[in-house]
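Excluded from the calculations below are hydrogen atoms, water molecules and symmetry mates; all remaining heavy atoms, backbone and side chain alike, are included.
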Number of protein chains: 2
Amino acid sequence: MIYKESHILILNNIARFIDLTELEKQKYLSLLTEIKVKKKAYLMQAGDVTKYEYFITKGCLKVYTLDEDGVPHISMFAVEDYWTGDMASFMTKQPSRYFIRATEDSELLGISRANYNLLFQEIPKFERFYRILYQRSLISYIRRSNHGISLTAEERYIEFKKKYPKIVNRITQKDLAGYIGITPEFMSKIISKVNRM
Amino acid sequence: MIYKESHILILNNIARFIDLTELEKQKYLSLLTEIKVKKKAYLMQAGDVTKYEYFITKGCLKVYTLDEDGVPHISMFAVEDYWTGDMASFMTKQPSRYFIRATEDSELLGISRANYNLLFQEIPKFERFYRILYQRSLISYIRRSNHGISLTAEERYIEFKKKYPKIVNRITQKDLAGYIGITPEFMSKIISKVNRM
DNA sequence: GAAAAAAAATGAACTAGTTTAAGACTTTTA
DNA sequence: TAAAAGTCTTAAACTAGTTCATTTTTTTTC
């Protein structure tokens, strides 16, 4: 069976944790929806009830909230081979507080709530896949939540560059500031300082 | 079948997400180890390779790292009906960077790495249990990692009190400061300010 | 239940990060 | 390809949070 590139990417991602038969692969792919978002377009906005969980096959998106003063706080950048969405809204059907916006023309595969639930009935192995996926995300978010509280902004920037060297060059300094949790002005100072070192 | 109190607690915790037969309950309980820790004693220390994941049936523990200056950064407080441990070390067998220390005489149920893996073979439903458990933890850590970066210390304190009203009264101000990510001196100021309001 | 140890409060001097404002540079759009 | 919009830099005045030092209060220990 010959698969298109985006399908190869998602099947390889899943093959890290579970093995699927040809039939299961085809069944799984049939549950996905292809989605394209142009640069600057919104995949979702605060107030929406999330319909999908997403896997990115091409491009880059930012996930963020706006605080009372309208200042954006970026929760993650999602590029090829990343999963994203608002799991809280997806699970509870409550309106989301997040915006997801493309910073480049992007392509995604989405799984709807109905299909997500169906998936576990049809191919119970996916419980294992998501168990391991969430377990790993959890490990990295636990670390991030500690670092957000205990490191200085400069240390967080150095960590980010080390951990995501490929993402740094694809995003604006302003968005990086929104992720690190500081103003764009202070981000500018940190970068010029770190580059001077 | 009559179960002891600690077993009822853990079985009820699991029953939130999956249903077990009597036989499965007994099989599951047989995989657990009972552990007691006196107040101030360590359940584990940095450098150890974690042997267990824990469920607390009685007491209170703090999970923390020490930074280069020896300042503690508290990652979570675990009380009755909470799960804790160092999942990164548990999964990878790498030495942990965490300390877990009892702040009250405590009782726990531990599952060893071998039994954790066995569990999924013997009762595959547990993949689902852990999938949902990790999914929910993930949602709350994503929120916490954003708040750590975007809220002021005072806002984080107010959130903590609202979210964990029962824990606030069981821990010292110093430990709370280590969780909020500020010095004990500044914690003291915030508390007296918030109480005055 | 007295002595020792740890936690909490207070204050003054300090530093990391913000705010506001203005000018230079880069990207987008018509 | 010119104009508009957005991004980046720099700097001065400001604020949230730290550091260090001292005293008071509470908890632990024998």
Starting from C1' on dG17(C), measure out to CG on Leu176(A) and report it in whole angstrom. 16 Å
Reckon Thr152(B) touches a base, only the sugar-phosphate, or nothing at all at heavy-atom distances under 4.0 Å? sugar-phosphate
Among residues two or more places apart or on two chains, list those pairs meeting side-chain hydrogen bond (donor to acceptor under 3.5 Å, both in side chains) that have a residue in residues 133-142 of chain A. Tyr116(A)-Tyr134(A), Arg131(A)-Gln135(A), Tyr134(A)-Gln135(B), Gln135(A)-Tyr116(B), Gln135(A)-Tyr134(B)
Given the rule in the salt bridge (charged side-chain N to carboxylate O under 4.0 Å, His left out) test, do Lys38(A) and Glu104(A) qualify, once you have shown the distances and angles that lead to the verdict? CA-CA 7 Å; Lys38(A) 284 257 169 241; Glu104(A) 302 173 1; over 6 Å; no
Starting at CD of Glu154(A) and ending at P of dT18(C), how long is that distance when rounded to a whole Å? 14 Å
With distance as the sole criterion, is a donor-acceptor pair present between the side chains of Tyr98(B) and Asn146(A) under 3.5 Å? yes
How close or far is atom C1' of dT28(C) from atom NZ of Lys38(A), stated in whole angstroms? 15 Å
Whole angstrom is fine here: how far is it from CD1 in Ile149(B) over to P in dG17(C)? 12 Å
Using the closest heavy atom to pick a nucleotide of DNA chain D for each, name whichever of Lys189(B) or Lys39(B) lands nearer the 5' end. Lys189(B)
Nearest-Å distance, OH (Tyr157(A)) to P (dG17(C))? 15 Å
Less than 6.0 Å separating the ring centroids of Phe77(A) and Tyr164(A)? no
Note, Ile182(B) side chain near Ile190(B) side chain (heavy atom, < 4.5 Å): yes
Leading and trailing nucleotides of DNA chain D with any atom under 4.0 Å from heavy atoms of chain B: dG17(D) to dT28(D)
Round to a whole Å and report the spacing from CZ of Phe186(B) to C1' of dC14(C). 14 Å
Met187(A) atom CE is separated from dT19(C) atom P, nearest whole Å, by 16 Å
Yes or no on ring-ring contact (aromatic ring centres under 6.0 Å, His included) for Phe99(A) and Tyr64(A), after CA distance, side-chain angles and deciding distance? CA-CA 5 Å; Phe99(A) 297 80; Tyr64(A) 63 97; 5.3 Å; yes
By nearest-heavy-atom nucleotide on DNA chain D, the more 5' of Lys40(B) and Thr183(B) is Thr183(B)
Rounded to whole Å, how long is the line connecting atom CG of Asn195(B) with atom P of dA8(C)? 13 Å
For Lys93(A), side-chain contact (heavy atoms from CB on, under 4.5 Å) partners two or more places apart: Val49(A), Arg113(A)
If you pin Glu185(A) and Arg156(A) to their nearest nucleotides in DNA chain C, which one's is more 5'? Arg156(A)
